[in-house]
Amino acid sequence: PFSNVPTPEYQATYGDKPVWHGYRRNHKGSVPPQSTRKACLRRGRRVGNPCPICRDRNLLIDFRNVKLLDQFICPHSGVIFHPIHTGICMKQHKRLSQAIAQAQDHGELQPCLFRHSQPPRLPLKPLNLPFPGLLWLQVPFVPVPEEDFSNQHAAVGKTPPAPALKGPGQAWYPWYEWQQPPAAEVARMRRLYQGYLKENYPDSPPS
């Protein structure tokens, strides 16, 4: 019962644009509401400016109506548009999400390849569905670059080994090695700590 060929009535009403194109919800003030309606029915009556799906009784949400479901799916990522973007009420958005999930289970729509708006880690090729006439998402194939990302080339230098690894008794830096203090400083320290120094204490550390 569902055909991908639009009817003359549909073509005259919407043309080649989606059904939610140009929709604007009536609201008070200059700031639009940050969320859509829960439903377009109030006390059993339809509101003055219903959402794009509730205003047209000829639009039927069904998992076989691929042409309608395609208008609410991002062609680049396969993610369902937010109700703020399309203007549909939350009741129709819930029905639309269920129909898209059912269409994906039946193979009429390709499942979403991007989770939480994150790109895939590996390049993906277009998936061939068993039904060529049904909708499927075009994902371009990105080849892996042939650049050399290793550090095994002449532009990367090697860290020289530590002097302590070359020979025993060598410090990493020269200021870590023992240096002979000045004679005047040694005499001043001997005079300051003469009561605590041992007799015949050498001026250089024992080897």
- Task: Begin from the C-alpha positions of T36 and H93 and carry the test side chain to side chain contact (heavy atoms under 4.5 Å, CB included) through to its verdict.
- Result: CA-CA 10 Å; T36 59; H93 179 72; over 6 Å; no
- Item | Donor-acceptor under 3.5 Å (E108 side chain, V66 main chain) | no
- Does atom CZ of R46 have more than 12 heavy-atom neighbours, drawn from other residues, nucleotides or ligands, at distances under 6.0 Å? yes
- Message: Please evaluate residues I88 and R37 with respect to the criterion side chain to side chain contact (heavy atoms under 4.5 Å, CB included), reporting the C-alpha separation (whole Å), side-chain torsions for both, the decisive distance (0.1 Å), and the verdict.
- Response: CA-CA 8 Å; I88 60 177; R37 300 188 185 96; over 6 Å; no
- Closest heavy-atom contact between N26 and N49? N-ND2, 3.2 Å
- For Q92 and C51, work out which heavy atoms get closest and say how close. CG-SG, 4.0 Å
- Item | Side chain to side chain, L109 and F63, heavy atoms closer than 4.5 Å | no
- For V31 and H27, which heavy atoms make the closest approach, and how far apart are they? O-ND1, 3.6 Å
- Note on the structure: To the nearest 0.5 Å, atom CG of N58 lies from atom OG1 of T13 at 8.5 Å
- Message: Count I, L, V, M, F, W, Y as connected when their side-chain heavy atoms are under 4.5 Å apart, and connections chain through other members. Are W20 and Y10 then in the same cluster?
- Response: yes
- Closest heavy-atom pair, F72 versus V19, reported as atoms and distance to 0.1 Å, is CZ-CG2, 3.8 Å
- Message: Quick check: closest heavy atoms across P33 and R25, and the distance to 0.1 Å?
- Response: CG-NH1, 3.6 Å
